[in-house]
Amino acid sequence: MKRIVSQAIIAATFLTSLAFGAQAIERKPGTSPWGPNDEIGRLNLITAASQEDILSRVTGGPVYDLSVEYFMGMPSWQAAGDPHYRIWMTHTPHGTVIDDPMGVGTRMNEHVSYTGAAVSMYTHTGTHIDALVHFGLDGKIWNGFSAADHLGDRGWRVGGAENIPTLIARGVLIDVAGAKGLEMLPKGYRVTRPDLIHALKHQNTTLHQGDIVLIRTGRMKLYNDTQAYMANPPGLGLAAARFLVEENGAMVVGADNLSFESFPSELETDYVPVHTYLLAEQGTPIIELVFLEELSRDKVYEFAFIGGSLKLRGADAAPIRPIAIPLEKSQEITGFGSID
């Protein structure tokens with residue numbers, strides 16, 4: 001009965017938010033149950049015990065790399081004015097012979113071939129994790145920290161990407177495209193709560209509190225065709241995000257697309273409502289551009305997710321290279337919400 005009431009409240013809240021106009025319900029950053037100094041939100045669910053539990057179930061099977069390659073012309077947010085990925089040579093075997101940058105002489109440079117490079121990119125390029133500072137509401141982020149008080153010229157003084165711990169947790173793939181018998185969801189498709197429930201039942205998979213939940217739309221099949229990959233991608237809707245976090249306790253959510261959510265927005269008052277809901281209201285980090293094709297191919301739906309992001313001080317996101325290692329299959333098949 002409690003579950004039915006809870007689901008009714010969630011549904012009513014969602015419908016109200018769609019009909020809002022001037023009467024919209026007030027949205028504001030969440031207050032952390034982990035205290036006034038908390039900067040990492042639901043990542044507090046990672047504990048020594050939870051890490052030990054998940055690692056004890058690793059099967060020793062194949063290791064799946066969930067990251068994408070970085071290359072010139074790769075998908076990125078240049079349409080929003082953000083920098084493209086760039087790589088350029090700072091040292092080449094031939095150039096060092098000519099320039100002798102180390103002052104070691106021609107013979108030494110001809111013998112010791114020196115190659116070096118530099119890169120430049122937006123923090124949300126390639127496989128990356130959003131820190132909670134990425135989106136807020138009315139100038140405030142998760143736990144009420146304000147840009148006015150905590151954002152300087154060198155980034156955020158709280159909540160930056162350097163605070164993100166190493167992620168060792170149960171990972172779950174929800175292959176929405178696969179469950180529909182599709183290689184890829186249609187352009188602009190908005191993943192719904194029933195879609196997630198259907199896919200979980202199709203996979204015989206259940207969600208647990210503290211999971212890192214990754215949604216496959218199939219969009220990654222277009223990754224090497226930048227314009228096609230970026231054009232009107234499918235993504236999650238608000239009700240689906242609520243299902244993952246509020247109903248099933250997801251710690252981190254992610255997907256194989258560029259933006260996680262779908263567009264246009266479901267809310268007139270917020271152009272990225274799923275991001276503000278997850279990051280600002282729920283303290284839930286988001287991982288984007290996750291490579292899920294091999295997990296889908298091998299039908300690996302439950303795995304140990306292990307990943308470390310770069311400690312970019314004060315940054316709103318950081319590149320991450322996660323891996324997935326299959327787990328012994330859990331026998332518990334409970335915890336699904338109602339499709340109705």
Side-chain angles (χ1 to χ4, degrees), residues 13-21 24-25 27 68 74-85 122-138 141 174-177 180 182-196 199 213-245 250 252-282 284-292 316-317:
T13 301
F14 176 63
L15 291 173
T16 301
S17 69
L18 290 178
F20 51 97
I25 57 173
R27 297 177 66 215
V68 298
M74 68 185 290
S76 64
W77 284 102
Q78 58 263 32
D82 295 303
H84 298 247
Y85 172 78
Y122 180 42
T123 50
H124 299 264
T125 304
T127 309
H128 65 275
I129 182 169
D130 292 349
L132 300 183
V133 300
H134 182 36
F135 276 105
L137 292 163
D138 300 316
I141 60 168
I174 304 183
D175 191 350
V176 177
K180 291 178 177 291
L182 301 173
E183 287 195 355
M184 186 188 319
L185 295 179
K187 289 183 178 181
Y189 185 83
R190 180 165 285 140
V191 175
T192 67
R193 180 177 179 274
D195 286 337
L196 298 181
V213 183
L214 305 176
I215 310 301
R216 180 178 174 269
T217 70
R219 193 68 166 189
M220 193 54 68
K221 290 184 178 296
L222 300 177
Y223 181 69
N224 288 315
D225 183 344
T226 297
Q227 294 306 314
Y229 179 83
M230 294 168 57
N232 194 19
L236 254 69
L238 268 171
R242 292 183 186 278
F243 170 78
L244 294 177
V245 177
V252 178
V253 295
D256 57 0
N257 61 357
L258 185 68
S259 57
F260 188 72
E261 63 188 286
S262 60
F263 298 101
S265 170
E266 297 168 83
L267 302 182
E268 293 178 6
T269 55
D270 187 341
Y271 72 98
V272 283
V274 176
H275 272 71
T276 50
Y277 165 74
L278 290 168
L279 299 171
E281 295 185 83
Q282 296 295 325
T284 307
I286 303 168
I287 304 178
E288 290 158 320
L289 289 106
V290 190
F291 184 76
L292 301 173
D316 48 275

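When side chains are defined from C-beta on, L292 does not count as touching M220, because their heavy atoms never get closer than 4.5 Å. Put simply, the side chain of T217 does not reach to within 4.5 Å of the side chain of Y189, judged on heavy atoms. Side-chain atoms of L244 and T284, non-hydrogen and from C-beta on, never get closer than 4.5 Å to each other. A 4.5 Å side-chain heavy-atom check between E281 and L137 finds at least one atom pair inside the cut-off. You'll find the side chain of V253 stays beyond 4.5 Å of the side chain of L236, heavy atoms only.
Annotation for V68 and G126: closest pair CG2-CA, 3.8 Å, computed over non-hydrogen atoms. When all heavy atoms of V252 and P285 are compared, the pair lying nearest together is CG1-O, 3.5 Å. Nearest heavy atoms, G218 versus D256: N-OD2, 2.9 Å. Taking both residues in full, the closest heavy atoms of F260 and L278 are given as CE2-CD1, 3.6 Å, listed atom of the first, atom of the second, then distance. In plain terms, the two heavy atoms of G136 and A280 that are nearest each other are CA-CB, 3.9 Å. Taking each heavy atom of A317 and H124 in turn, the nearest pair found is CB-CE1, 3.2 Å.
Annotation for Y271: atom OH does not count as buried by contact number, only 12 or fewer foreign heavy atoms lying within 6.0 Å. Within 6.0 Å of CD on E183 lie no more than 12 heavy atoms contributed by other residues, nucleotides or ligands.
S259 contributes atom OG, which lies 10.0 Å from atom CE of M230 (distance to the nearest 0.5 angstrom). The CD1 atom of I287 sits 6.5 Å away from atom CG of L214, with the distance rounded to the nearest 0.5 Å. The distance from the OG1 atom of T226 to the NE2 atom of H84 is 10.5 Å, given to the nearest 0.5 Å. In this structure, OG1 in T125 is found 9.0 Å from CG in L258, a value given to the nearest 0.5 Å. With rounding to the nearest 0.5 Å, the separation of NZ in K221 from OH in Y229 is 13.0 Å.
For the side-chain contact (heavy atoms from CB on, under 4.5 Å) test, residues two or more places apart in sequence or in another chain that qualify with D82 are W77, A80, Y122. For A231, the side-chain contact (heavy atoms from CB on, under 4.5 Å) criterion is met by R219, not counting sequence neighbours. Shown here are the salt bridge (Lys or Arg N to Asp or Glu O under 4.0 Å) partners of R216, two or more places apart in sequence or in another chain: D175, E293. Listed by chain and number, the residues in a ring-ring contact (aromatic ring centres under 6.0 Å, His included) with F291 amount to none (sequence neighbours excluded). D270 meets the salt bridge (Lys or Arg N to Asp or Glu O under 4.0 Å) test with R27; sequence neighbours excluded. Partners of N257 according to the side-chain hydrogen bond (donor to acceptor under 3.5 Å, both in side chains) rule, which considers only residues two or more places apart in sequence or in another chain, do not exist here.
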(request) Using the side chain to side chain contact (heavy atoms under 4.5 Å, CB included) rule, take L196 and V213 through it: C-alpha gap first, then chi angles, then the decisive distance, then the call. (result) CA-CA 11 Å; L196 298 181; V213 183; over 6 Å; no
(request) Please test V272 against E261 for side chain to side chain contact (heavy atoms under 4.5 Å, CB included), starting from the C-alpha separation and ending with a verdict. (result) CA-CA 8 Å; V272 283; E261 63 188 286; 3.5 Å; yes
(message) Before you tell me yes or no, could you show the steps for L185 and D195 under side chain to side chain contact (heavy atoms under 4.5 Å, CB included), namely the whole-Å CA-CA distance, both residues' side-chain angles and the distance that decides it to 0.1 Å?
(response) CA-CA 11 Å; L185 295 179; D195 286 337; over 6 Å; no
(message) Working note: D316 + D130, criterion side chain to side chain contact (heavy atoms under 4.5 Å, CB included); need CA distance, chi angles, decisive distance, verdict.
(response) CA-CA 6 Å; D316 48 275; D130 292 349; over 6 Å; no
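No side-chain donor-acceptor contact under 3.5 Å links Q282 to the backbone of V245. With T127 contributing its side chain and L289 its backbone, the two residues share a donor-acceptor pair below 3.5 Å.
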